[in-house]
There are 2 protein chains.
Amino acid sequence: MLRISKMTDYAIMVMVELHGLRGEVLSAHALAERSHLELPTVSKVLKLLVKTDLVASYRGPSGGYSLERDAEEISVAEIIAAIEGPIAMTECSVEEGLCAQEAVCGLRGNWQRISLAIAKAMEAVSLAEMAQPVKTPAAPLHITTFNA
Amino acid sequence: MLRISKMTDYAIMVMVELHGLRGEVLSAHALAERSHLELPTVSKVLKLLVKTDLVASYRGPSGGYSLERDAEEISVAEIIAAIEGPIAMTECSVEEGLCAQEAVCGLRGNWQRISLAIAKAMEAVSLAEMAQPVKTPAAPLHITTFNA
DNA sequence: ACTATATAGTACCATATTAGTACCATTTAA
DNA sequence: TTAAATGGTACTAATATGGTACTATATAGT
């Protein structure tokens, strides 16, 4: 089904929540409430987002989290990568030598191209755009493939 | 990491193998050998591909499998969908009512747009193109997003 | 300084999904 | 009639994921 993980989904929900209060610091507790998610889950996700420099954290009372950058400067691709690592459709599209079949399977190049294309598409979508609700069915996105 | 499942990966390997001998019927056993995969796995994948009308099957001795259509007319998207269902990044992008958060989360429309974009990109890649080996790093694909 | 509040890090468990296997029924060419 | 092949179902094992708990550390306020 080519899904993002639930954790990634949650991460984007939390990021969207952090957007809209630019600069304002919100505790994990407050973010959990606002996003209708469980506190431990939100905490876990936030820690990953801090590690990858998407979110700034402040300790102590009245501490919490805020976006490290403007929502326009943060891409969906970055959030996905923060939670689940590099955007790649197959093992072999991450780097050479990860797949045992590599010697006998000629698909690596094509998987890399496809993975790269998808990664670029997600890079082009900013958190700010993501936060903008869209009625469904929305105007479809246009994607061109295999035109080098 | 946004991966396709291994089964899907195998499915494409098998389909690529079936291509190159247009029309020729190959047994699951022969396909397993050629693709360097285990017979039970290949059988399982082939059954799914038959069910979704991508592959034709013939019973009895000298039976086996062949492509149902020309490789140019089969898209990678179809193969993915055959093994793992509709191409969708989140539950909510498949159809309404699958995600409990739907009422409080405004991301559905955007996820649908992104999923659709990726699906279209994969539709544009044919099995024939996939079978054509590409040296890495290949020329990157160009994808445009959020330009309705 | 002390205390309460909040994040940081690590480690853990339970569950769900996926991969892989086995078995028996059915079809069909020789 | 027989043997070779697919069709279908059900099962097992491994892995990944989601979710939780606990301890350490930092800090604002009194």
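Here is the naming used below: chain letters follow the sequence lines, and residue numbers restart at 1 for every chain.
When each of B:Leu26 and A:Thr41 is assigned the nucleotide of DNA chain D bearing its nearest heavy atom, the one mapping closer to the 5' terminus is B:Leu26. DNA chain C is contacted by both A:Pro61 and A:Ser57; A:Pro61 maps to the nucleotide lying nearer its 5′ end (nearest heavy atom per residue). Between A:Lys44 and A:Gly63, the one whose closest nucleotide on DNA chain C sits nearer the 5' end is A:Gly63.
Judged by distance alone, the side chain of B:Glu123 and the main-chain N or O of B:Ser75 form no donor-acceptor pair under 3.5 Å.
The side chain of B:Tyr10 lies closest to C:dG20, out of D:dT20, D:dG8, C:dG20. With C:dT7, D:dG7, C:dA19 as the candidates, the nucleotide lying closest to the side chain of B:Ser5 is C:dA19. The nucleotide whose nearest atom lies closest to any side-chain atom of B:Lys47 is, among D:dT9, D:dG18, D:dT20, D:dT9. Picking from C:dT7, D:dT20, D:dT27 the nucleotide with the shortest atom distance to the side chain of A:Glu38 gives D:dT20.
Proximity of B:Tyr65 to the phosphate of D:dG7: a side-chain N or O atom is located under 4.0 Å from OP1 or OP2. Using a 4.0 Å cut-off, no side-chain N or O of B:Tyr58 falls inside it from OP1 or OP2 of D:dA4.
In this structure, A:Lys51 places its NZ atom 8 Å from C1' of C:dG9, rounding to the nearest Å. Straight-line distance from the CG atom of A:Leu37 to the C1' atom of D:dT20: 15 Å, rounded to whole Å. For the pair B:Leu46 CG and D:dT9 P, the interatomic distance rounds to 17 Å; values are reported in whole Å. Regarding A:Glu91, its CD atom lies at a distance of 12 Å from the P atom of C:dA19, rounded to whole Å. The CG-P distance, from B:Asp9 to C:dT18, rounds to 15 Å in whole Å.
For B:Ser126 and B:Glu72, the side-chain atoms include no donor-acceptor pair closer than 3.5 Å.
A donor-acceptor contact under 3.5 Å is formed by the side chain of A:Arg59 with the base of D:dT25.
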